[in-house]
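Values reported hereafter were calculated over all heavy atoms of this structure, with side chains retained and with hydrogens, waters and symmetry mates removed. Every value quoted in this text rests on a predicted model; they were computed, and no experiment measured them. Proteins come first, then strands; the chains are lettered A, B, ... in the order of their sequence lines, and each starts at number 1.
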There are 2 protein chains.
Amino acid sequence: MDDQILKPGDRDYVGALASGLEVLQVFDAEHPRMTLSEVAARTEMDRAKARRFLLTLHALGFIKRNGRQFELTPRVLQLGYAYQASNQYRAVIQQYLEDITAELGESSSLAVLDGDDVVYVVRSSARHRLMAITLSVGTRLPAAYTSMGRVLLAQLPEPELDAFLARVKLEAFTAFSIHSADALKKDIIKVRKQGYSIVDQELDSGLRSVAVPVFAGNGELLGAINISTNAARVDMDTLLGVYLPRLQQAAEAVRRTTH
Amino acid sequence: MDDQILKPGDRDYVGALASGLEVLQVFDAEHPRMTLSEVAARTEMDRAKARRFLLTLHALGFIKRNGRQFELTPRVLQLGYAYQASNQYRAVIQQYLEDITAELGESSSLAVLDGDDVVYVVRSSARHRLMAITLSVGTRLPAAYTSMGRVLLAQLPEPELDAFLARVKLEAFTAFSIHSADALKKDIIKVRKQGYSIVDQELDSGLRSVAVPVFAGNGELLGAINISTNAARVDMDTLLGVYLPRLQQAAEAVRRTTH
DNA sequence: AAACTTATGTTCGCATATCGAACTTATTGA
DNA sequence: TCAATAAGTTCGATATGCGAACATAAGTTT
């Protein structure tokens, strides 16, 4: 039973919890505040049901109400806080990433794999860059199209990588986007060999990034770190000749500092 | 009914959601991973009940399981993400706070009021400082004992401030901790007049900080920003003569940049 | 190896928590 | 003023979730 995952309908599955969390997650950057009817529509719940969850979340302090509009409160940060607090290496890594940003003027991040996405868990944003501003801790991006994603996929045991490749839905974000599981697998094998990944304008026009894995001194994989830049500003020689060594240096510094 | 808050036992209150969120929040820095029995003990739930919530959260991807141990996944960051994403000013403020850290070598933060606490929502940590490392986005501290808290309390309408003073439980964290609601109210009135707050070693030995409110160009209160330092390193003259003007400058820059 | 302790898995009767249809009331816009 | 939209509320029904009790597994001690 250990690896068995509950499904909705299983007697031990708590549907009210699942539905309540769905209500919490319906708020996003495009819908920071909504009426009861909007929440019901977006969650496809009966209005009375959605109302009960909104009022319960309000009672618990996770949602506030302004007239007919509901919105999240900072208390929701509490739900993710323990995840961030559970790894004391985060603060150390933050310092190294900020060094990179200070030195190269580019954004640098740490991400971990979660399902088919990477999740940003540490972020040092370069200033005055539009792309930099829109990414923050908690942001998820498809692993298949990011350099950090490919680095983390490269660390998976073969069966898990194959399972990922079997289920991943590939999408043409740009003309350069990888479009077959075969091609993706070939690239990941290459990443395994060379120890880094470069992804160039596959997710968004102009977005170019390089990533390496980062380990603690005890061998534990902490995630992938990257430097992301704009193709118009940084050519491939600079990415390989300057940015990659700097990133590898930061990964090595993390490894030596942690145990 | 607008301002009426549901209570447990009310027919519209969804107890299973409340309990499920309690399970999620039982994980913290000291208990990043726990067995089923530990979760049941810490939440004071029947073991079978705790088990159903853990397995449901596992099915939803918020918790992972290693043998008998359960721990949070990065997906929990998703729950707080919408809150962070809902205010585009956060990225702008981050830049200004990082300028302060770069220039003064001190940590600087933005916090908002949530219940009787302040919650850190933006953070620029000075490097190699123990205190800096332990505070992060999502951290909550008692509003009464922090400079940002007092600045935010000073912004409350009188009835809300009085309600806060009536219910707040004061605690002697240090010998310098304020210990009466009267003294706290006097200080907050002073903060209203002078437009900033200094709190000196009331929460922790050596911890000294100055805070000011920060508004968007349209008058919306965004929170309070602070600079926190160590009393051994920065005297009161420097705090008032150098740090405060710098903070006010950052608040003014935020006001001019946002609308 | 056996006994004991601790932990977890599972079942299922049952009480009640939650669901949603339907009706009422409030708000908004033309 | 009226129609449309939105929200509040009730309550019968029943599916959900609870927890006691028993079974099984794992770890520790003797």
Colleague: Mapping B:S37 and B:L17 onto DNA chain C by nearest heavy atom, which one lands closer to the 5' end?
Modeller: B:S37

Colleague: On the side chain of A:R52, is there an atom forming a donor-acceptor pair with the base of C:dG20 - under 3.5 Å, no angle test?
Modeller: yes

Colleague: Both A:R11 and A:K49 contact DNA chain C. Which one's nearest nucleotide lies toward the 5' end?
Modeller: A:R11

Colleague: Any donor-acceptor pair under 3.5 Å between the side chain of A:R47 and the base of D:dG8?
Modeller: yes

Colleague: Could you please name the option among D:dG17, D:dA7, C:dT8 that lies closest to any side-chain atom of B:R65?
Modeller: C:dT8

Colleague: Think B:R51 has a side-chain N or O under 4.0 angstrom from the OP1 or OP2 of C:dT10?
Modeller: yes

Colleague: Here's a test for you: under salt bridge (charged side-chain N to carboxylate O under 4.0 Å, His left out), which of A:K169, A:R167, A:R140 qualifies with A:D116?
Modeller: A:R167

Colleague: B:A48 near the nucleic acid: base, sugar-phosphate alone, or nothing, with a heavy-atom cut-off under 4.0 Å?
Modeller: base

Colleague: Counting only side-chain heavy atoms from C-beta out, which of C:dT27, C:dA7, C:dC19 sits nearest to A:F53?
Modeller: C:dC19

Colleague: Would you mind reading off the distance between A:M45 atom CE and C:dG20 atom P, rounded to a whole angstrom?
Modeller: 9 Å

Colleague: Can you work out whether B:A16 or A:L36 has the more 5'-proximal nearest nucleotide on DNA chain D?
Modeller: A:L36

Colleague: Under a plain distance cut-off of 3.5 Å, with no hydrogens placed, do A:E38 and A:T35 share a side-chain donor-acceptor pair?
Modeller: yes

Colleague: Given atom CG of B:L6 and atom P of C:dT18, what is their separation to the nearest angstrom?
Modeller: 11 Å

Colleague: Quick one: A:D46 CG to D:dA6 C1', roughly how many Å, whole number?
Modeller: 14 Å

Colleague: Pairing donors with acceptors under 3.5 angstrom, does anything connect the side chains of A:R123 and A:S125?
Modeller: yes

Colleague: Near B:E44 CD, under 6.0 Å, is it more than 12 heavy atoms from other residues, nucleotides or ligands?
Modeller: no

